[in-house]
Amino acid sequence: MKRTIMCGQLNSKNIGETVVIQGWVAKTRDLGGVIFIDVRDREGIVQAVANENLDKDSFKVAESLAREYVVQITGEVKPRSSETINKNIPTGEIEVIATNVVLLNKAETPPFEIEADIDTNEQVRLKYRYLDLRRPDMQKNIIMRHKIAKIARDYFDENGFLEIETPMLTKSTPEGARDYLVPSRVNPGHFYALPQSPQLYKQLLMLSGMDRYFQIVRCFRDEDLRADRQPEFTQMDLEMSFVDQDDVISINEGLIARVMKEVAGVEVKTPFVRMPYNVAMQKYGSDKPDTRFGMELVDTSDVFLGSGFKTFSDIVSKVGSSARAICVKGGVDKLSRRDLDALTDFVKIYGAKGMAWINVCEDELKSPIAKFLTKQETDALLSKTEAEVGDTILFVADKNKVVFDSLGALRCELATRLNLIDKSLYNFLWVVDFPLLEYDDTEKRYTAKHHPFTAPNDSDISLMETNPGEVRAKAYDIILNGNELGGGSLRIYNTELQEKMFKLLGFTTDEAWARFGFLMEAFKYGTPPHGGMAYGLDRFAMILAGADSIRDVIAFPKVQTASEVMSNAPNVVDIKQLEELHIKVVE
RNA sequence: GGCUCUGUGGCUCAGUUGGUUAGAGUACCGCCCUGUCACGGCGGGGGUCAGGGGUUCAAGUCCCCUCAGAGUCGCCA
């Protein structure tokens with residue numbers, strides 16, 4: 001007998017039908033003469049009933065059932081009497097009166113309950129990930145992830161994109177993240193790199209005339225993990241020919257609107273806000289601002305400049321440094337002295353030396369720094385920060401990077417602590433006009449903010465020679481609730497400009513050609529203007545699932561040491577394997 | 001590489017200023033029970049207190065090291 005329907009699909013429309021269900025025993029309630037068996041599959045749970053109607057052999061089987069046994073139950077779908085309807089489950093109006101019960105497989109008692117919302121340690125869940133994935137909330141996440149990918153494929157297909165696979169064994173390019181390397185057996189001493197992204201291949205596909213490309217593709221970066229970073233992760237990657245920034249943005253807004261509607265049931269308004277990078281930094285201290293709450297940064301440098309508060313006035317007199325503030329509404333009551341000390345420790349994580357604060361009380365300002373400031377100066381601070389009685393103003397003064405990093409993070413930390421975030425909001429926005437380059441103090445050279453193939457703004461090209469740090473790029477990131485969902489750019493499509501870019505990054509012509517010669521060579525053969533973008537599918541799924549970690553939307557994720565606790569990868573391999581790969585073992 | 005947190009039956013936790021035989025809930029096992037859905041009743045088994053070392057008359061508890069996991073800074077073009 002074959003399965004006729006999934007457990008979770010049964011409802012009152014099936015009343016009177018004889019059905020065959022197959023699944024796992026979620027729970028049994030054995031009352032002696034009648035046994036209730038909750039049978040679970042991917043779609044849900046339904047109650048089967050073994051009672052006097054059942055033949056003796058089947059009843060014996062029913063009595064022997066335990067959690068997670070695999071069963072097949074044949075029976076008639078019957079309505080429950082009104083007093084036994086279970087409103088807690090979707091199938092609660094009906095039950096399957098068993099006429100045959102078959103045990104397909106026994107099971108050990110699982111190490112944790114196979115149900116939603118368990119608080120079992122993640123380490124244990126990951127060790128038995130195959131059981132964790134049997135839990136309804138994990139199944140929901142994985143199904144939702146599938147839906148996002150499915151919608152993307154449909155959407156891209158409808159809009160003329162071709163899904164094209166690019167190689168997994170590629171050439172290592174030391175710019176950017178650390179590569180995962182794969183030794184070549186056939187070429188002793190040579191290594192492939194697993195792709196950090198299909199960047200160069202998709203650009204070459206544009207040159208090939210594929211016009212529009214997309215791929216849902218695994219990417220690899222050998223860097224430390226975070227709650228939202230795994231060493232292997234999935235990009236929804238796309239590239240388009242003969243487009244400008246508006247074209248790329250609008251096609252992606254269409255995709256996002258569709259995903260939000262069909263997966264989250266949320267109508268998002270397009271077009272999304274576009275915020276220049278500089279504005280994002282000034283107002284939010286971040287290039288991925290969370291705009292679900294206020295507490296924007298305010299520049300108070302001019303007030304402190306020349307003031308009696310030497311610590312700050314010295315700092316703000318330096319170029320590239322500033323004193324900025326955020327105003328916490330009602331902070332006087334909400335933040336204790338102990339909280340302020342904790343927040344000071346918090347900003348120190350980001351390199352700040354300390355944090356100054358002013359409590360705006362009814363008749364006076366309570367603050368360790370007020371005594372160094374004139375009335376005129378404190379009035380200016382209050383008016384700039386729009387502080388009112390009861391508010392607390394928090395200040396950090398340092399190099400701009402430290403000020404932005406610490407206050408940007410502090411703003412988010414306070415929003416979480418003080419519960420200021422409306423969780424029902426989905427605030428999408430584009431951050432645009434990124435700088436093309438940023439200066440790396442340790443390497444004493446410019447590095448690409450986005451990547452070396454990103455095109456500079458036409459009007460800024462002349463600055464490349466004179467003031468590289470000021471050059472803006474045709475790059476854009478899509479931000480959702482303070483998370484970088486994805487990003488992209490228009491690309492450089494002529495060899496001379498690409499060479500110029502590499503030069504700025506400190507490559508000699510020879511070095512550039514050694515690494516990226518195939519690309520620059522290709523560019524000579526008629527490259528269309530093109531650009532594209534890539535999303536972190538895991539992050540998108542994480543946010544829509546309401547999860548705190550991308551591990552919750554990845555079937556078999558890795559832990560912080562980049563290992564996999566279920567299979568114990570990575571592992572030590574046979575010396576023979578290493579020898580074949582020409583890798584010498586040093587004892 | 002740095003900082004912070006966590007580790008006690010299968011799971012989730014309690015365990016006081018160091019002081020009898022380390023407890024609870026749940027899960028598990030046995031018996032009973034014909035309308036339960038957190039079923040119920042009676043009975044039962046289960047602990048290298050992450051590992052190692054130290055202090056002490058005495059360590060789950062204090063100290064040191066190691067291991068494992070989480071968050072985060074650096075890092076992530």
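Below, chain A is the first sequence line, B the second, and so on; all start at residue 1. Values in this document were obtained by computation on a predicted structure and should not be read as measured data.
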* Which is it for A/E484 and A/K288 under the salt bridge (Lys or Arg N to Asp or Glu O under 4.0 Å) test, yes or no, and what are the steps along the way? -> CA-CA 6 Å; A/E484 183 192 334; A/K288 44 179 183 170; 5.8 Å; no
* **Where at least one partner belongs to residues 40-56 of chain A, residue pairs that pass salt bridge (charged side-chain N to carboxylate O under 4.0 Å, His left out), sequence neighbours excluded** => A/R40-A/E68
* Asked: Going by atom types only, do A/W513 and A/E499 share a side-chain donor-acceptor pair under 3.5 Å?
  -> yes
* Quick one, give me the B/S/- string for nucleotides 67-73 of chain B, reading 5' to 3', where B means a protein heavy atom under 4.0 Å from the base and S means that only happens at the primed atoms, P, OP1 or OP2. => -SSBBBB
* **d(CD, A/E115; P, B/U12) in whole Å** => 13 Å
* May I ask you to decide if the ring planes of A/Y128 and A/Y130 are parallel, tilted or perpendicular, using 30° and 60° as cut-offs? => perpendicular
* Asked: Taking atom C1' of B/C76 as reference, at what distance in whole Å does atom CG of A/D179 sit?
  -> 12 Å
* With sugar-phosphate meaning primed atoms plus P, OP1 and OP2, does A/P111 contact a base, only sugar-phosphate, or nothing at under 4.0 Å between heavy atoms? -> sugar-phosphate
* **For B/C28, the Watson-Crick or wobble partner whose two distances fall under 3.5 Å** => B/G44
* To do: Name the nucleic acid region contacted by A/S197, choosing base, sugar-phosphate or nothing; use a 4.0 angstrom heavy-atom cut-off, strictly under.
  => base
* Asked: Under 4.0 angstrom, heavy atoms only, what part of the nucleic acid is A/E95 near: base, sugar-phosphate, or nothing?
  -> base
* To do: Output yes when A/R515 and A/E511 qualify as a salt bridge under the 4.0 Å nitrogen-oxygen rule, no when they do not.
  => no
* To do: Using whole Å, report how far NZ of A/K127 lies from P of B/G7.
  => 19 Å
* Tell me, which pairs form a side chain to side chain donor-acceptor pair (under 3.5 Å) where one or both residues lie in residues 532-541 of chain A, sequence neighbours left out? -> A/R145-A/D538, A/N252-A/Y535
* To do: Name the nucleic acid region contacted by A/T120, choosing base, sugar-phosphate or nothing; use a 4.0 angstrom heavy-atom cut-off, strictly under.
  => sugar-phosphate
* Answer yes or no: side-chain N or O of A/R80 and base N or O of B/C37 forming a donor-acceptor pair under 3.5 Å. => yes
* When the distance from CG of A/D287 to C1' of B/C76 is rounded to whole Å, what number comes out? -> 13 Å
* Span that lies between the P atom of B/U6 and that of B/G43, in whole angstrom -> 39 Å
* Think A/R29 has a side-chain N or O under 4.0 angstrom from the OP1 or OP2 of B/C39? -> yes
* To do: Could you work out the separation of B/G60 and B/A22 based on their P atoms and round it to a whole Å?
  => 10 Å
* Asked: How far, in whole Å, is B/G45 from B/C64 if one measures between their P atoms?
  -> 40 Å
* Asked: OH of A/Y180 versus C1' of B/C76: gap in Å, rounded?
  -> 12 Å
* Assign A/Q196 to base, sugar-phosphate, or nothing according to its heavy-atom contacts below 4.0 angstrom with the strands shown. => nothing
* Asked: How long is the line joining CD1 of A/I89 and C1' of B/A38, in whole Å?
  -> 14 Å
* To do: Provide the distance between the two C1' atoms, one in B/C49 and one in B/C32, to the nearest whole Å.
  => 37 Å
* Structure fact -> From CD of A/Q47 across to C1' of B/C39 the rounded distance in Å is 11 Å
* Answer yes or no as to whether B/U36 has its base stacked against A/F36, where stacking requires a ring-centre separation under 5.5 angstrom and planes under 30 degrees apart. => yes
* Determine the interatomic distance between P on B/C73 and the same-named atom on B/U12; round to the nearest Å. => 27 Å
* Hey, are A/T344 and A/D341 close enough side-chain-wise for a donor-acceptor pair under 3.5 Å? -> no
* Counting only distance, no hydrogens or angles, is the base of B/G74 paired donor-acceptor with the side chain of A/E223 under 3.5 Å? -> no
* Under a 3.5 Å cut-off for both distances, is B/G71 Watson-Crick or wobble paired, and to whom? -> B/C3
* Quick one: what's the B/S/- string for nucleotides 25-31 of chain B, heavy-atom cutoff under 4.0 Å, read 5' to 3'? -> --SS---
* Taking the P atom of each, how far is B/A50 from B/G15, in whole Å? -> 15 Å
* Which pairs count as side chain to side chain donor-acceptor pair (under 3.5 Å) when at least one residue sits in residues 345-355 of chain A, sequence neighbours excluded? -> A/K353-A/D398
* Could you measure between the two P atoms, the one in B/C5 and the one in B/C62, and give it in whole Å? => 14 Å
* Closest to the A/N88 side chain, choosing from B/A38, B/G74, B/G35 -> B/A38
* Could you say whether A/D38 or A/G32 is positioned toward the 5' end of RNA chain B, judged by the nucleotide with the nearest heavy atom to each? => A/G32
* Asked: Are the charged groups of A/D405 and A/K401 less than 4.0 angstrom apart, N to O?
  -> yes
* To do: Take atom C1' in B/G23 and the same atom in B/G47, then report the distance between them in whole Å.
  => 11 Å
* **Spacing of A/M281 atom CE and A/D287 atom CG [to the nearest 0.5 Å]** => 6.0 Å
* Will you find, in the side chains of A/R445 and A/T447, an N or O donor that is under 3.5 Å from an N or O acceptor? -> no
* Asked: Who passes ring pair (Phe, Tyr, Trp, His ring centres under 6.0 Å) against A/F502, sequence neighbours left out?
  -> A/F507, A/F516
* Between atom CZ in A/R178 and atom P in B/G74, what is the gap in whole Å? -> 15 Å
